[in-house]
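Report on the structure given below.
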Amino acid sequence: LENQEKQLVDNCHVRYIIQNAVGDDVFDKDAQNAISASYEIDLIGTTDRIEDFLKNVAGHMGWKPPGVEPRENVSKNFYGLDASDPDIRAALNPLVQYDLELYQFVKQSQETGG
């Protein structure tokens, strides 16, 4: 990947939260900085709990909770990228490893109510 292309997919959640990772490689310290910065964010959600997240947003904003909508953006096609394949996982891991650290932290926080 060229530099601009890499920035679109390389640990993009960490890049977004800490902002100073744009243009640079992302490292473990960046993931830790993103985790620390997440304490300053009122609400963070994950797609596996999107309904809870949207209810929380509505509650914070004083809005009526949204209705449940079926997920429509789920691809029905398979393009040969099998994430269970060890070779593919090894190739993709550098692009998501620090996002996964952030995700695990957020997920654990959701489970513990933190």
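Everything numeric here is computed off the predicted structure, so don't read it as measured data. Sequence positions, counted from 1, serve as the residue numbers for this chain.
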Identify, with sequence neighbours excluded, every residue that meets salt bridge (charged side-chain N to carboxylate O under 4.0 Å, His left out) alongside [X].
{"X": "Asp10", "result": "Arg15"}
{"X": "Asp52", "result": "Arg49"}
{"X": "Lys55", "result": "none"}
{"X": "Arg89", "result": "none"}

Once side-chain contact (heavy atoms from CB on, under 4.5 Å) is applied, do any residues pair with [X], and if so which ones, sequence neighbours excluded?
{"X": "Val96", "value": "Leu100"}
{"X": "Glu5", "value": "Leu1, Glu2"}
{"X": "Lys107", "value": "Asp48, Tyr103, Glu111"}
{"X": "Gln32", "value": "Asp28, Ile35, Glu101"}

Rounded to the nearest 0.5 Å, what separation is found between the [atom1] atom of [X] and the [atom2] atom of [Y]?
{"X": "His13", "Y": "Leu102", "atom1": "NE2", "atom2": "CG", "value": "8.0 Å"}
{"X": "Ile18", "Y": "Asn11", "atom1": "CD1", "atom2": "CG", "value": "9.5 Å"}
{"X": "Leu95", "Y": "Leu8", "atom1": "CG", "atom2": "CG", "value": "11.0 Å"}
{"X": "Gln110", "Y": "Asn56", "atom1": "CD", "atom2": "CG", "value": "9.0 Å"}

Taking all heavy atoms of [X] and all of [Y], pick out the closest pair and write down the distance.
{"X": "Pro65", "Y": "Ala58", "value": "CA-CB, 3.9 Å"}
{"X": "Val14", "Y": "Val26", "value": "CG1-CG1, 3.9 Å"}
{"X": "Asp99", "Y": "Cys12", "value": "OD2-N, 3.0 Å"}

- Item | Test side-chain hydrogen bond (donor to acceptor under 3.5 Å, both in side chains) applied to Ser84 - qualifying residues, sequence neighbours left out | Asp82

- Message: Considering only residues two or more places apart or on different chains, which pairs with a residue in residues 82-102 satisfy ring-ring contact (aromatic ring centres under 6.0 Å, His included)?
- Response: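 Not a single pair qualifies under ring-ring contact (aromatic ring centres under 6.0 Å, His included).
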
- Message: Check for me, please, whether Tyr16 and Ile44 land in the same ILVMFWY cluster - side-chain distances under 4.5 Å, paths through other members count.
- Response: yes

- Linking directly or through intermediates, with side-chain heavy atoms under 4.5 Å: list the remaining ILVMFWY members grouped with Trp63, chain and number order. Leu43, Ile50, Phe53, Leu54, Val57, Met61

